[in-house]
Number of protein chains: 2
Amino acid sequence: MKTMKISEAVVRRLPIYLRYLNELRMKDVQTVSSQDLGHKLDLNPAQIRKDLAYFGEFGKKGIGYDVGYLIEKIRQILKLDQYINVALVGAGNLGRALSNYNAYLKDNMKIVAVFDSMPDKIGQQINNLTVKPMSELVETIQANKVRIGIITVPASEAQKVADDFVKSGVEAILNFAPIIIRVPAEIRVHYADFTTELQSLAYYLD
Amino acid sequence: MKTMKISEAVVRRLPIYLRYLNELRMKDVQTVSSQDLGHKLDLNPAQIRKDLAYFGEFGKKGIGYDVGYLIEKIRQILKLDQYINVALVGAGNLGRALSNYNAYLKDNMKIVAVFDSMPDKIGQQINNLTVKPMSELVETIQANKVRIGIITVPASEAQKVADDFVKSGVEAILNFAPIIIRVPAEIRVHYADFTTELQSLAYYLD
DNA sequence: TAGATTGTTAATCGATTAACAATC
DNA sequence: TAGATTGTTAATCGATTAACAATC
């Protein structure tokens, strides 16, 4: 199963499993079945078993999955067992809001640098981070071994920022700007655009 | 084609088409082919034609799609030709950032009310909106004909907020809290969780 | 043991892509 | 007309779900 390519749908469900498993652990629940998980997460139990089986045999027949063990395994799969440094460009409202998520990201993922091109933003303090000028981006990212870049600039600036990220060696990008960016194929880009999200939601209004 | 149920994947692509079509219109481009669109948006042209064909015959054989006409049609499909009022609960960093998106949402969608349960937040000014207490939620939403609710409170509060939204008659919910909420089947819920987004991105790191 | 639940194969369902007649 | 491009059908591909032997 190791070299099988995993579909994005599967990968997107893993953090959802993880989130609920952490909840269970906080309640000192020892064991959970795919049935329990499916019921709670509105997913088919067979799908959950299949998702997990791509990566190994984590359950016990007749028993279910050990909560702590499954958490550990999913964290490994998602590479959340390593420290991952993140940088963010665009210290506007959204950028500042996301920078404050550091608390939620726990200690394994961390926004370690924030950049902006506007002189009035540079030098501003966001929690314990100082907004840096774009001219320091490549150097700072390399020095801090940043692996994920977040873009929260206007659409017109997003491609430029993406190019800088690529130059600096970032491996993945989360783009909040409402535009499709071009990067080399080996760099993974995910999109998180609030506006398109709301617009697709409008479709389902009566 | 009218009564066919459209897959979510299709609906999610429509705002992407719209976004790029608006760009084209600003550049005074009159006509676009599915090939052009596909190239720009990294999608298969056949898929784009099929997506659009679910809703009608918008193109001209040998020519392509009229940009202005297609914009109009997609806006109709997404119900963006009506005014849609939105309410937001949770005036933290993220909530305040999203409230500032009003400018981007153009004049057809608008956040018309912001609520919070914390006394220190209530009465705060966000642009031209005053943060209101939760006790005024149902009444305000009904008075303003709010149809979409946004949740930006901590996970522990999200279900309660969802319940209030349901009570007030909201038709769809965009939930930024990292938890699955339970609502009646006729209410559409979309999720936008920054943390799970980053975690699934981590999977693709080398 | 009897009941429960996994891991996995097979069946189903749905979405994407290719192909092409129609036609601008 | 010749070239381009749609709308749509058929083919392919992939993801979800059902079913069940294995086994705790």
Side-chain angles (χ1 to χ4, degrees), chain A residues 1-17 20-21 24 29-74 77 180 200 203, chain B residues 1-17 20-21 24 29-74 77 180 200 203:
Chain A
M1 294 274 161
K2 273 283 125 147
T3 49
M4 197 177 203
K5 65 195 162 316
I6 305 298
S7 83
E8 183 171 338
V10 173
V11 174
R12 288 191 166 279
R13 282 192 292 269
L14 295 177
I16 310 287
Y17 301 156
Y20 180 53
L21 289 164
L24 288 176
V29 176
Q30 295 301 309
T31 280
V32 67
S33 69
S34 60
Q35 181 124 192
D36 296 340
L37 281 166
H39 186 260
K40 183 69 180 186
L41 303 176
D42 277 342
L43 295 170
N44 184 301
Q47 180 171 66
I48 294 172
R49 294 200 298 279
K50 201 162 203 285
D51 284 354
L52 297 174
Y54 283 120
F55 304 98
E57 305 197 359
F58 304 144
K60 278 203 179 48
K61 292 184 174 66
I63 308 290
Y65 300 90
D66 181 89
V67 171
Y69 181 69
L70 191 53
I71 286 174
E72 189 189 321
K73 283 301 174 184
I74 295 181
I77 294 163
I180 288 168
S200 66
Y203 174 81
Chain B
M1 295 275 160
K2 274 281 125 148
T3 48
M4 198 176 203
K5 65 195 164 318
I6 306 298
S7 85
E8 182 171 339
V10 173
V11 174
R12 288 191 166 278
R13 282 191 293 268
L14 294 177
I16 310 286
Y17 301 157
Y20 180 54
L21 289 164
L24 289 176
V29 176
Q30 296 300 309
T31 280
V32 68
S33 68
S34 60
Q35 181 123 192
D36 296 340
L37 281 166
H39 185 260
K40 183 68 180 186
L41 303 176
D42 277 341
L43 295 170
N44 184 302
Q47 180 171 65
I48 294 172
R49 293 200 299 279
K50 200 160 203 288
D51 284 354
L52 297 173
Y54 283 120
F55 304 100
E57 304 197 0
F58 304 144
K60 280 203 178 49
K61 291 184 174 68
I63 308 290
Y65 300 89
D66 181 89
V67 171
Y69 181 68
L70 191 53
I71 286 174
E72 190 189 322
K73 284 301 174 185
I74 295 181
I77 295 163
I180 288 169
S200 66
Y203 174 82

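Lettering follows sequence order; numbering is per chain, from 1. Quick caveat: nothing in here was measured; it's all calculated off a predicted structure.
When rounded to the nearest whole Å, the span between CG of B:Asp66 and P of D:dT6 equals 13 Å. In this entry the distance linking CZ of A:Arg12 with P of D:dT16 reads 13 Å, nearest Å. Nucleotide D:dG7 holds its P atom 13 Å from the NZ atom of B:Lys73, rounded to whole Å. The CG-C1' distance, from A:Asp51 to C:dT6, rounds to 14 Å in whole Å. Here D:dT5 presents its P atom at 15 Å from CG of B:Leu70, a figure rounded to the nearest Å. Taking atom CD of A:Glu8 as the reference point, atom C1' of C:dA15 lies 15 Å away to the nearest angstrom. Atom-to-atom, CG of A:Leu52 to P of D:dT17 comes out at 15 Å; the value is rounded to the nearest Å.
Counting only heavy atoms from C-beta outward, the side chains of A:Ile77 and A:Phe58 approach each other to under 4.5 Å. With a 4.5 Å cut-off on side-chain heavy atoms, A:Arg13 and A:Leu43 count as touching. In this structure, A:Arg49 and A:Tyr65 have side chains that are in contact, with non-hydrogen atoms separated by less than 4.5 Å. With contacts defined as side-chain heavy-atom distances shorter than 4.5 Å, the pair B:Phe55/B:Val10 qualifies. B:Asp51 is listed as a side-chain neighbour of B:Tyr17, based on a closest heavy-atom distance under 4.5 Å.
A heavy atom closer than 4.0 Å to some atom of DNA chain C occurs in A:Ser33, A:Ser34, these being the qualifying members of residues 29-36 of chain A. Non-hydrogen atoms lying under 4.0 Å from DNA chain C are contributed by A:Arg49, all within residues 40-49 of chain A.
In DNA chain C, the stems built from three or more successive Watson-Crick or G-U pairs (distances below 3.5 Å) are C:3-24 with D:3-24.
The side chain to side chain contact (heavy atoms under 4.5 Å, CB included) test applied to A:Asn44 returns A:Ala46, A:Gln47, not counting sequence neighbours.
Taking OH from B:Tyr203 and CD from A:Glu8, the interatomic distance works out to 11.0 Å, rounded to the nearest 0.5 Å. Taking OG of A:Ser7 as the start and CZ of A:Arg12 as the end, the distance is 10.5 Å to the nearest 0.5 Å. Taking NZ of B:Lys73 as the start and CG of B:Leu52 as the end, the distance is 12.0 Å to the nearest 0.5 Å. A distance of 7.5 Å separates CD1 of A:Ile16 from CG of A:Leu41, quoted to the nearest 0.5 Å. A distance of 9.5 Å separates CD in B:Glu72 from CG in B:Asp66, rounded to the nearest 0.5 Å.
Just one of B:Asp36, B:Leu37, B:Thr31 meets the side-chain contact (heavy atoms from CB on, under 4.5 Å) condition when paired with B:Ser33; it is B:Asp36.
Regarding contacts with the backbone of C:dA15, every side-chain N or O of B:Tyr54 stays at 4.0 angstrom or more from both OP1 and OP2.
Counting all heavy atoms, side chain and backbone alike, A:Ser200 lies closest to B:Pro15 at N-CG, 3.9 Å. Between A:Ile74 and A:Leu14, the shortest heavy-atom contact is CG2-O, 3.8 Å.
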Tabulated below should be each protein N or O lying under 3.5 Å from an N or O of nucleotides 9-14 of chain D; please produce it.
none

What N/O pairs connect the protein and nucleotides 21-24 of chain D at under 3.5 Å? Give each pair on its own line.
from, atom 1, to, atom 2, distance (Å)
D:dC24, O4', A:Lys61, O, 3.0

